[in-house]
Structures are given as structure tokens and as C-alpha cells.
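Structure first, commentary second.
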Amino acid sequence: MEKYILSLDQGTTSSRAILFNHEGEPVHSAQKEIKQYFPKPGWVEHNANEIWGSVLSVIASVLSEANVTPIQIAGIGITNQRETTVLWDKETGDPIYHAIVWQSRQTNDICKELKKNGMEEKVRQKTGLLIDPYFSGTKVKWILDHVEGAREKVKKGEVLFGTIDTWLIWKLSGGKAHVTDYTNAARTLMFNIFDLKWDEELLDLFGANHSMMPEVKSSSEIYAETAPYHFFGQSVPIAGAAGDQQAALFGQACFTEGMAKNTYGTGCFMLMNTGEKAVHSDNGLLTTIAWGIDGKITYALEGSIFVAGSALGWLRDGLRMLKHAEDSEDYATKVQSTEGVYMVPAFVGLGTPYWDSEVRGAIFGLTRGTEKEHFIRATLESLAYQTKDVLQAMIEDSGIDITSLRTDGGAAKNNFLMQFQADLLDTVVERAKINETTALGAAYLAGLAVGFWENKKQLTKKWDLDKEFEPEMDEKERDKLYQGWQTAINATMAFK
Ligand SMILES: Nc1ncnc2c1ncn2[C@@H]1O[C@H](COP(=O)(O)OP(=O)(O)O)[C@@H](O)[C@H]1O
Ligand SMILES: O=P(O)(O)OC[C@H](O)CO
């Protein structure tokens with residue numbers, strides 16, 4: 001009977017379940033979109049129970065469509081949208097508020113206050129992060145400030161905190177395991193990435209305490225078994241977990257120092273493996289944990305872009321300019337250029353390297369001749385421009401000149417975008433063959449823990465190129481385009 005690893009990829013827009021065979025090939029997958037709640041401008045929330053329901057539903061679909069029985073699952077790997085924060089009642093398992101999504105800006109005022117009190121440098125030294133609504137800490141404080149009786153319940157030890165990995169492991173294990181892994185803990189603003197402990201002072205700052213925090217474990221080990229009533233009568237080891245961007249770095253086999261990948265999903269995240277060294281950034285990058293395996297921590301530098309593929313989602317759902325996000329490629333290639341139109345999709349502020357949570361989106365250079373095609377092309381190009389901003393910061397901080405960039409994620413399927421990216425960076429873009437790189441990373445982390453695979457070298461051998469994009473644009477044209485972008489960004493930031 002053939003065995004598989006089941007990888008659960010809980011992203012911002014959808015939940016996916018993917019079965020990997022022993023060759024590391026995805027043999028079947030199921031996907032379900034989740035509802036986005038936008039209660040106020042700049043706020044983004046999810047329903048944690050709906051997330052859980054969507055995960056159960058994709059597990060059921062993938063097993064039935066692949067005709068695989070639960071007994072054939074050797075282990076489960078989990079990867080997830082990071083930072084998104086859930087607080088729930090330990091007894092009833094009910095979330096006490098919606099999950100506040102990483103993109104949400106509702107903790108802006110809390111961040112301002114912390115910065116005013118001079119906390120930025122201390123936070124950076126301990127966590128490698130900045131004070132920004134992006135991270136979990138201020139989201140915890142916001143929920144405690146806004147949900148009646150929450151603080152008292154926390155004091156009595158009746159509330160649990162978790163990022164989405166923690167929530168799903170807790171649910172799958174029937175409430176037995178309250179754990180997270182190093183990569184997810186590293187994004188909370190409450191975890192010291194050097195001592196590898198929850199930090200007393202930071203917990204205090206956000207009104208949290210030890211009793212609500214999950215135990216922090218490595219990214220590849222058995223955390224718990226599934227509760228049989230949640231897993232079709234079977235106890236299956238949940239054996240690996242990592243935030244989706246770190247899982248993608250692993251899935252892209254970026255195992256040596258200096259290797260980097262960029263994932264184009266809802267947002268866009270470039271991570272570079274910096275080995276055992278935690279590199280400090282002077283250019284707005286984050287210092288974070290790439291993975292913790294076998295008692296060893298590998299660090300990464302990260303550039304975070306908040307709006308990437310979701311700008312196409314906005315063209316589809318908000319402006320109704322597109323039927324499907326993938327149609328953007330056809331529209332973009334119908335014109336030779338944007339004819340000077342620039343779109344800055346700062347819908348929830350800007351991340352690396354600007355870190356401005358109050359700025360909002362803008363569009364420049366419209367003429368009477370601007371058509372839908374130019375608008376769509378400018379939106380796609382904005383993903384590439386933001387990536388160039390990040391790459392420049394990365395080269396400056398790491399001192400490593402990146403000569404090729406590995407890419408993956410939903411929007412990386414767009415050939416126009418990948419070619420424009422290569423042109424703009426003047427760098428070869430290598431799109432990974434397997435589309436589900438994030439899920440593959442999580443599958444490998446779990447597979448290593450249960451002995452399904454022996455070592456990560458097997459994954460390196462498996463890494464395969466789907467398509468290589470060679471830069472073709474001349475230098476003058478490239479510089480002119482990028483200068484236009486820089487003018488647009490500066491003007492956007494000036495308008496507040
Ligand atoms: N061909 C495409 N061109 C541009 N954007 C795309 C394309 N296909 C999907 N997208 C965008 O990619 C995102 C989905 O990518 P995915 O990696 O699944 O994201 P996540 O993991 O954040 O849920 C959506 O925001 C969608 O708009
Ligand atoms: O949902 P994604 O794939 O865009 O990833 C979200 C990130 O983990 C947020 O930090």
C-alpha cells in the first residue's frame with residue numbers, strides 16, 4: 001500500500017491539502033477559498049472556525065479524490081499564513097474574536113504609542129522585527145483591549161494564543177497539543193530569536209502571559225497525533241510546521257547561505273538564507289528564523305511586501321476588471337507598455353523598505369488614452385517594482401550580489417510578470433517546477449521527522465526548473481522605468 005505525506009497549506013486566500021508521494025511529487029490536491037472580512041478601511045479579518053472547517057473539507061476532498069485511505073498517511077505537515085492571530089477559549093475551543101490577519105492595520109495606534117515610548121530598538125534587538133501592525137503582538141493587545149472580560153480570562157489562564165499553525169494543530173489533535181514552531185514564533189513580536197524563548201518583557205507589553213503561549217518546538221518533529229474523530233478514525237502524526245514563507249524557502253531547497261527565493265502570493269516575500277548568522281538590517285529588512293531542525297537554528301533576512309497577488313484580486317473583485325486573476329497576462333501583453341501609468345498598491349500601507357502603515361494606494365500617469373490593458377499591466381508591474389526595492393535592500397544588507405532568483409506562488413504563474421521581473425532586476429528568474437513549493441517544504445519537514453525521507457539532500461536533487469526568464473531589457477529603459485516608480489512611491493508617501 002503506497003504511503004503519502006499530507007501537506008496542509010493554510011494561506012491568506014485559501015486552504016489547500018496536497019498529497020506527496022515518496023518521490024516528492026504532488027499527486028493530488030484540493031483547495032477552498034476562505035472569506036475575507038474588511039470591517040473597516042485597512043482592516044482584514046478571518047473567521048478561525050471557517051479556516052478550520054475549510055481545512056477539514058480539503059482533507060476530505062483530497063483523500064476521496066485520490067482514493068487514498070487515512071491509514072496511508074505517514075505524516076502531516078502544516079504551513080500557514082504567518083502572524084495572523086487567534087485567541088480562543090481553552091475550555092470551549094471558541095475563538096474570542098475573529099482572527100486578525102497579518103495585513104490588517106487596526107493596531108496602528110498601538111504601534112504609534114509604542115514607537116513614541118521608544119520601544120522600537122529594544123523590540124528589534126530581541127525579535128529582529130520592527131514595530132508594525134503586521135506582527136502578532138499588537139493584535140493580541142487589540143483583542144484584549146476590545147473584547148469584554150478577555151483580560152480577566154487571560155489572568156485566570158482560560159485563553160490560548162496561537163498563529164494559524166498552532167490553531168490547526170490544537171484542533172487536529174483534539175485540543176491536546178498547544179504548540180508552535182520557531183519560524184512562526186519568530187513573527188509574533190513576543191519571541192526572542194536569539195535566546196529562543198518567549199520574552200517576559202514583550203509579553204507584558206502586549207498584555208499576554210506565559211499561560212496563553214504555545215510551547216515552541218522545532219520545525220520538524222512529531223508534535224501530536226490527530227484525534228481519530230477529526231481524522232476519519234486514524235491517529236496520524238502531525239510532524240512538521242513552518243510559516244509559509246519559510247516553508248517555501250525550504251521547498252525551494254535554498255539550503256546554503258546566500259540562496260534566496262521570492263514567493264508571489266497574496267503578498268510577496270523574499271527570503272535569503274543567512275546560515276547560522278542572524279544578519280542585522282539597516283535597510284528595512286527583517287531578521288527572522290528560516291527553520292530550526294535537529295537542535296540547529298538557521299536564520300534568514302526577509303523583505304515583506306503586503307500587497308502582490310491580492311492587487312489582482314482587487315482588479316477582479318473590487319473593480320471587476322478581470323474575470324480571473326490569470327487573465328491579467330493576456331491583457332498585459334496586448335499593449336507594449338503602460339504608457340507611463342504607475343500603480344502603487346499600498347492598500348494596507350507599505351512594508352520593506354518603507355514601513356509606512358498609514359500610506360494608501362495610488363495611481364499615476366493617467367491620460368485619456370489609458371485603457372484597461374494599461375491599468376492591468378501597471379498593476380502586474382507593481383509586483384516587480386516592489387520586488388526590486390526589496391532586492392536592493394537585500395544586496396546592501398547581505399553584501400551578496402544575487403545573480404538569480406528562485407520564484408514560486410500563485411502570481412508567479414504569470415509569464416509576463418516573470419519576464420518583466422527578470423528585465424527589471426537584470427537578473428535571471430528561475431521559476432520552480434513544482435507550483436506548490438510551500439506545501440512541498442512542509443511535506444519535507446514532516447517527512448524527515450517520520451522517516452519518510454532520510455535527509456534534505458533528497459530535496460535538493462528534486463529541485464527542478466519550470467522556466468527560466470533571461471533579462472532582455474536595455475539598461476537605459478530599465479533605469480527610466482524604475483525612476484518613474486521611485487517618483488510614484490515618493491508621491492504616494494507624501495499623500496497622507
Ligand atoms: N496568473 C496569475 N497572474 C497574477 N496573479 C495571479 C495569477 N494567478 C493567481 N494570482 C494571484 O495569486 C494569489 C494566489 O496565490 P497563492 O500563492 O495561492 O496565495 P496565498 O498563499 O497567499 O493564498 C491571488 O491573490 C491571485 O490574485
Ligand atoms: O498567504 P501568503 O502566502 O501570501 O503569505 C502570507 C505571509 O505568511 C504573511 O507573512
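In this text, all values refer to a predicted model and were calculated from it rather than measured experimentally. Every number for a ligand or one of its atoms is a count from 1 in the order of the listing.
- Using cut-offs of 30° and 60° on the angle between ring planes, the pair Trp291 and Phe250 is perpendicular.
- The aromatic ring centroids of Tyr97 and Trp142 lie less than 6.0 Å from each other.
- The N/O atoms of Lys413, backbone and side chain alike, include none that comes under 3.5 Å of an N/O atom in ligand 1.
- Between Asn80 and ligand 2, a contact under 3.5 Å exists for no N or O pair.
- Taking the charged nitrogens against the carboxylate oxygens, Asp466 and Lys433 have no contact shorter than 4.0 Å, which rules out a salt bridge.
- Those atoms of ligand 1 with a heavy atom of Ser310 less than 4.0 angstrom away are 25 (O).
- The nearest heavy-atom contact from the protein to atom 3 (N) of ligand 1 is Asn414 ND2, 3.1 Å.
- Close contacts of ligand 2 with Trp102, meaning ligand atoms under 4.0 Å from a residue heavy atom, involve 6 (C), 9 (C).
- In this pair, Tyr385 and Phe420 present their aromatic rings perpendicular. The plane angle is above 60°, beyond the 30 to 60° band.
- Atoms of ligand 1 lying under 4.0 Å from at least one heavy atom of Gly313, given by number and element, are 27 (O).
- Of the protein's non-hydrogen atoms, the one nearest atom 1 (O) of ligand 2 is Thr12 OG1, 2.4 Å.
- Both the backbone and the side chain of Ala411 come within contact range of ligand 1, each with a heavy atom under 4.0 Å.
- Shown here are the side chain to side chain contact (heavy atoms under 4.5 Å, CB included) partners of Gln336, two or more places apart in sequence or in another chain: there are none.
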What do the steps show when you test Ser15 against Gln10 for side chain to side chain donor-acceptor pair (under 3.5 Å), and what is the final call? CA-CA 4 Å; Ser15 301; Gln10 206 301 298; 3.0 Å; yes
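- Interface of Leu312 with ligand 1, defined as ligand atoms under 4.0 Å from a residue heavy atom, comprises 4 (C), 5 (N), 27 (O).
- Residue contacts with ligand 2 for Arg187 are absent, since no atom lies close enough (heavy atoms, distance under 4.0 Å).
- Taking the six-membered ring where the residue is Trp, the centroids of Trp167 and His46 are separated by 6.0 Å or more.
- Atom 23 (O) of ligand 1 has Thr13 OG1, 2.4 Å as its closest protein atom, hydrogens excluded (heavy atom only).
- A salt bridge links Glu302 and Arg187; the closest N-O separation between the charged side-chain nitrogens and carboxylate oxygens is under 4.0 Å.
- Each of the atoms 3 (N), 4 (C) of ligand 1 lies under 4.0 Å from some heavy atom of Ser328.
- At least one test fails for Lys372 against the ring of Phe375: distance under 6.0 Å to the centre or angle within 45° of the axis.
- Between Arg16 and ligand 1, at least one N/O pair is under 3.5 Å apart.
- In the vicinity of Glu83, heavy-atom distances shorter than 4.0 Å reach the ligand 2 atoms 9 (C), 10 (O).
- In this structure, Lys139 is not positioned above the aromatic face of Phe135 in the sense of NZ or CZ being under 6.0 Å from the six-membered ring centre and within 45° of the axis.
- A donor-acceptor contact closer than 3.5 angstrom links the side chains of Thr183 and Asp181.
- Of all protein heavy atoms, the one closest to atom 2 (P) of ligand 2 is Asp244 OD2, 3.3 Å.
- Annotation: atom 10 (N) of ligand 1 to nearest protein heavy atom, Ala325 CB, 3.8 Å.
- Closest protein heavy atom to atom 15 (O) of ligand 1: Gly410 CA, 3.3 Å.
- Polar contact with ligand 1: absent for Gly267 (N/O pair, distance under 3.5 Å).
- Geometrically, ligand 2 and Gln81 share no nitrogen or oxygen pair separated by less than 3.5 Å.
- Near Tyr134, meaning under 4.0 Å from one of its heavy atoms, ligand 2 places the atoms 9 (C), 10 (O).
- Between Phe20 and Tyr4, the distance separating the two ring centers is not shorter than 6.0 angstrom.
- Inclusion of Asp244 in the set of residues having an N or O under 3.5 Å from an N or O of ligand 1 is not warranted.
- Considering backbone and side-chain atoms together, Gly309 places an N or O closer than 3.5 Å to an N or O of ligand 1.
- The aromatic rings of Tyr299 and Phe194 sit parallel, their planes meeting at an angle under 30°, below the 60° perpendicular limit.
- The shortest N/O to N/O separation between Thr266 and ligand 1 falls below 3.5 Å.
- For the residue pair Glu381 and Tyr342, no side-chain donor N or O sits within less than 3.5 Å of a side-chain acceptor on the partner.
- If you check which protein heavy atom lies closest to atom 2 (C) of ligand 1, you get Glu326 CA, 3.8 Å.
- Relative ring orientation between Phe161 and Trp198 is described as perpendicular, the plane-to-plane angle rising above 60° on a 0-90° scale split at 30° and 60°.
- Shown in contact with Gly267 at under 4.0 Å from a heavy atom are these atoms of ligand 2, numbered in order with element: 4 (O).
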